[in-house]
Amino acid sequence: MQFWAGKYREAAEVKKPESIDGVQQVLGAQGYVCGRALGTVTYLALTLGRPLFLEGEAGTGKTEIAKALAQALGRRLIRLQCYEGLDAATAVYEWNFAGQMIAIRTAEAAGGMDRTHLKDELFTEDFLIERPLLQAMRPQPGGAPVLLIDEIDRTDEPFEAFLLEALSDYQVTIPELGTIRAPEPPIVILTSNRTREVHDALKRRCLYHWVDYPTFDREIEILQARAPEAAETLSREVVAFVQRLRTEDLFKKPGVAETIDWAKCLLALDVISLSPEVIADTLGAVLKYQDDIARLHGSEAKRILDEARAALDPV
């Protein structure tokens with residue numbers, strides 16, 4: 001497990017890491033706690049120029065690695081947020097119809113409009129609105145960008161097929177302008193929360209890694225990076241409680257993002273130790289469904305807290 005723990009900001013371009021340890025170090029410099037397995041597959045993706053497909057539960061740090069990697073390499077981050085009904089045209093480009101209409105009316109008002117000439121002028125890059133996939137094919141200051149295709153499982157199979165073709169040749173076609181090919185392939189990271197299975201053909205194009213919930217020690221490390229002001233005792237209780245909570249029969253188990261949010265909420269309330277009352281007051285930072293929250297009212301929260309404390313090793 002791993003998680004982004006820094007703020008995105010401009011950075012000078014650096015060379016791609018030349019080893020697995022190098023990947024872990026540059027991501028660690030951005031506050032992203034990267035395990036060996038993820039470091040290995042990331043290094044291979046960078047070295048071989050292959051897309052990286054990250055799959056796992058929501059809140060486990062899949063999206064954040066793209067942000068950390070872009071920051072570490074000094075590259076632009078371009079994000080394509082997927083959703084149901086997303087099509088190729090929307091992901092690549094659209095024409096500025098308002099601008100085109102103004103140009104047409106201006107030409108009509110001036111008189112002597114040559115329709116053929118006007119049509120050629122209307123469908124030029126001056127009226128082109130670039131969407132993420134087209135932006136990723138363009139040269140960028142600092143080198144090829146990091147293209148994050150987030151939650152690919154929310155789209156449908158036709159879009160997957162288009163994406164497979166686009167990532168095979170790193171090019172897109174605009175009928176009015178022709179084919180635009182990336183001078184340097186972008187660094188591509190795809191994520192999936194596995195709400196449905198992504199087609200094997202797309203997965204085979206990528207290097208694959210399953211991002212799981214972290215171990216206790218790793219989650220402590222992540223929390224220390226994201227909320228270093230939290231006392232060790234409180235951090236251990238928070239992580240132990242959340243880890244125990246993930247074993248319960250919940251509609252949606254809390255991810256690492258919720259662990260961090262909860263710790264920050266407790267710090268804002270000057271909490272130094274968990275109690276059933278504090279847990280009941282702040283459950284909205286950990287659980288996002290009313291049925292799950294209702295399960296933990298009363299004695300259930302105390303039971304889980306007692307079990308979590310019993311599982312803790314002496315500090």
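Residues: numbered from 1 along the sequence shown.
In this structure the side chain of L54 reaches within 4.5 angstrom of the side chain of L52, judged on heavy atoms. Taking 4.5 Å as the limit, some side-chain heavy atom of L77 sits within range of a side-chain heavy atom of K67. Using a 4.5 Å heavy-atom cutoff, the side chains of Q30 and L27 are not in contact. Using a 4.5 Å heavy-atom threshold, the side chains of V146 and I78 count as separate. At a threshold of 4.5 Å between non-hydrogen side-chain atoms, the residues T173 and I180 do not count as touching. A 4.5 Å side-chain heavy-atom check between P17 and L73 finds at least one atom pair inside the cut-off. Proximity of F53 to L207: side-chain heavy atoms (C-beta onward) are nowhere separated by under 4.5 Å. Within the 4.5 Å cutoff, the side chain of E84 has no heavy atoms near those of the T155 side chain.
In summary, R196 and E160 engage in a salt bridge, as defined by a charged side-chain N under 4.0 Å from a carboxylate O. Using a 4.0 Å cut-off between charged nitrogen and carboxylate oxygen, R79 and D150 count as a salt-bridge pair. Salt bridge status for R295 with E248: present, with a side-chain N to carboxylate O gap under 4.0 Å. Salt bridge status for R246 with E258: absent, with no side-chain N to carboxylate O gap under 4.0 Å. A salt bridge links E307 with R244; the closest basic N to acidic carboxylate O contact falls under 4.0 Å. Between R36 and D21 a salt bridge is recorded (basic side-chain N to carboxylate O distance below 4.0 Å). K264 has no carboxylate O lying under 4.0 Å from a charged side-chain N of E229, or vice versa, which leaves the two without a salt bridge. Using a 4.0 Å cut-off between a side-chain N of Lys or Arg and a carboxylate O of Asp or Glu, K62 and E55 do not qualify as a salt bridge.
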Trace of the salt bridge (charged side-chain N to carboxylate O under 4.0 Å, His left out) decision for E184 with R138: CA-CA 9 Å; E184 180 184 355; R138 299 292 200 183; over 6 Å; no
Worked verdict on E219 versus T259 for side-chain hydrogen bond (donor to acceptor under 3.5 Å, both in side chains): CA-CA 9 Å; E219 197 159 6; T259 303; 2.7 Å; yes
Steps toward side-chain hydrogen bond (donor to acceptor under 3.5 Å, both in side chains) verdict (S273, E237): CA-CA 8 Å; S273 181; E237 284 189 348; 3.3 Å; yes
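Under a cut-off of 6.0 angstrom, the local environment of CD in E94 is crowded, with over 12 non-hydrogen atoms contributed by other residues, nucleotides or ligands. Atom CZ of F251 has 12 or fewer heavy atoms from other residues, nucleotides or ligands within 6.0 Å. In I272, the CD1 atom is not crowded: 12 or fewer heavy atoms of neighbouring residues, nucleotides or ligands sit closer than 6.0 Å. Surrounding CD of Q81 are more than 12 heavy atoms belonging to other residues, nucleotides or ligands, all under 6.0 Å away.
Between the side chain of D261 and the backbone N or O of A285 there is no donor-acceptor pair closer than 3.5 Å. Checking side-chain atoms of R181 against main-chain N and O of D169 turns up a donor-acceptor pair under 3.5 Å. Of the possible polar contacts, one joining the R205 side chain to the L167 backbone as a donor-acceptor pair under 3.5 Å is found. Distance alone, capped at 3.5 Å, places no donor-acceptor pair between the Q135 side chain and the P145 backbone. Using a distance-only test at 3.5 Å, with no hydrogens or angles considered, no donor-acceptor pair links the side chain of T90 to the main chain of L86. A distance-only check finds no donor-acceptor pair linking the side chain of R154 to the backbone of C82 [under 3.5 Å]. No donor-acceptor pair closer than 3.5 Å links the side chain of T60 to the backbone N or O of G56. Not one N or O on the side chain of R131 forms a donor-acceptor pair closer than 3.5 Å with the backbone of A89. One N or O on the side chain of Y32 and one on the backbone of G61 form a donor-acceptor pair closer than 3.5 Å.
Atom CG of residue D217 and atom CD1 of residue I222 lie 11.0 Å apart, to the nearest 0.5 angstrom. Annotation: the span from K203 atom NZ to L190 atom CG amounts to 11.5 Å, rounded to 0.5 Å. Here the CD1-SG distance, from I152 to C206, works out to 9.5 Å after rounding to the nearest 0.5 Å. Between the CD atom of E176 and the OG1 atom of T124 there is a distance of 11.0 Å, given to the nearest 0.5 Å. With rounding to the nearest 0.5 Å, the separation of CG in L283 from SG in C265 is 11.0 Å. How far CZ of R75 is from CG of L69: 8.5 Å, rounded to the nearest 0.5 Å.
Note: Y93 and W95 have perpendicular aromatic rings, judged against thresholds of 30 and 60 degrees for the angle between ring planes.
Across all non-hydrogen atoms, the minimal contact from T191 to D153 is O-OD1, 4.2 Å. In this structure, Y213 and P254 approach most closely via the heavy-atom pair CE2-O, 3.6 Å. Nearest heavy atom pair, residue P276 against residue K302, reads CG-CB, 3.9 Å. Shortest non-hydrogen contact noted between L164 and A201 is CD1-O, 3.5 Å. Contact detail for P228 and A225: the closest heavy-atom pair is CD-O, 3.9 Å. When all heavy atoms of F159 and A91 are compared, the pair lying nearest together is CE1-CB, 3.7 Å.
Looking only at atom types and distance, the side chain of E151 has no donor-acceptor partner in the side chain of S192 under 3.5 Å away.
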